[in-house]
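Beneath this line is the structure, given in structure tokens, with notes to follow.
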Amino acid sequence: MKFVVVSGNPKKDGLTRRMTDEIIRGAKDGGAETCEVSAYDMSYCRSCNGGAGQCLEDNHKCVFGKDGFDYAQETIRNADAVAFISPVYWEEVSEGLKSFMDRFRRCESSGIFNHRKAALTGKPVLLIASAGGSGLDMIEPLKEMERFVHHTGGMVFDAIGINRWNQAYKGRTIYEAAKAIAEGVKVGETIEYAG
Ligand SMILES: Cc1cc2nc3c(=O)[nH]c(=O)nc-3n(C[C@H](O)[C@H](O)[C@H](O)COP(=O)(O)O)c2cc1C
């Protein structure tokens with residue numbers, strides 16, 4: 001199973017990075033092959049073709065995709081499971097992830113345009129928002145990500161908010177969630193509580 005992590009984190013260290021490593025560690029321990037895509041490696045959606053988007057007429061392909069978006073889109077298309085992780089900026093996901101979600105949704109909306117199945121269709125998706133300061137601003141970013149997943153046909157496996165003081169136990173939760181996904185646990189399947 002291929003497990004892709006889409007990161008909206010512009011930093012190479014810190015809390016969000018540590019939690020990204022927990023996703024990767026969990027996915028690997030669950031037997032997955034992992035790959036990380038940075039949402040900061042590409043530009044934003046230009047809403048081309050008079051706002052309608054040429055991608056909708058062009059088999060979901062972005063006209064400007066050579067900037068790294070084609071690679072990201074194809075990587076997600078070939079994945080069996082995907083995680084999205086972002087620091088909380090201004091009570092939202094980071095600018096990088098927001099741009100990526102907007103662009104990906106434009107090309108990969110589910111159910112609206114039937115050239116082919118949207119890239120996230122039926123895939124388990126893990127969502128992580130990493131707050132700082134008060135540590136209370138994780139709900140809205142998780143909601144933003146959840147909405148994106150609904151628009152693109154994925155299935156939210158879990159949505160986890162982290163901050164400085166819950167990282168000790170949420171880090172383990174993230175590890176376990178990624179591992180469970182990699183082991184093939186399906187969205188909605190009951191995992192008995194081991195105590
Ligand atoms: C521009 C900017 C805006 C931020 N806005 C928020 C915010 O609205 N709410 C919040 O909880 N944290 C906010 N933070 C804090 C980061 O989310 C937090 O430091 C980060 O997610 C966790 O730490 P990391 O940078 O070590 O990964 C902001 C940080 C920056 C740089």
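Every number for a ligand or one of its atoms is a count from 1 in the order of the listing.
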Atom indices of ligand 1, in the order listed, that fall short of 4.0 Å to a heavy atom of Trp90: 1 (C), 3 (C), 4 (C), 5 (N), 6 (C), 7 (C), 8 (O)
Atom CH2 of Trp90 with >12 non-hydrogen neighbours under 6.0 angstrom: no
Heavy-atom nearest neighbour of atom 18 (C) of ligand 1 within options Ser134, Ser94, Gly132: Gly132
Nearest non-hydrogen protein atom, atom 20 (C) of ligand 1: Ser130 O, 3.7 Å
Identity and distance of the protein heavy atom lying nearest atom 23 (O) of ligand 1: Leu15 CB, 3.8 Å
Protein heavy-atom partner closest to atom 27 (O) of ligand 1 - residue, atom, separation in Å: Thr16 OG1, 2.5 Å
Polar proximity ligand 1 side, Pro87 side, N/O cut 3.5 Å exclusive: no
Carboxylate-amine/guanidinium contact Glu22 Lys170, below 4.0 Å: no
Side chain to side chain donor-acceptor pair (under 3.5 Å) partner of Ser130, the single match among Thr16, Thr20, Asn163: Thr16
Salt bridge Arg17-Asp21, side-chain N to carboxylate O under 4.0 Å: yes
Residues Lys98, Glu92: salt bridge by 4.0 Å N-O rule: yes
Heavy atom of the protein closest to atom 28 (C) of ligand 1 (residue, atom name, distance): Val88 O, 3.3 Å
Arg103 bridged to Asp67 by N-O distance under 4.0 Å: yes
Check: Phe148 ring centroid to Phe84 ring centroid under 6.0 Å: yes
For Glu91, atoms of ligand 1 separated by under 4.0 Å from a heavy atom: 7 (C), 8 (O)
Within reach of ligand 1, part of Lys11 (heavy-atom separation under 4.0 Å): side chain
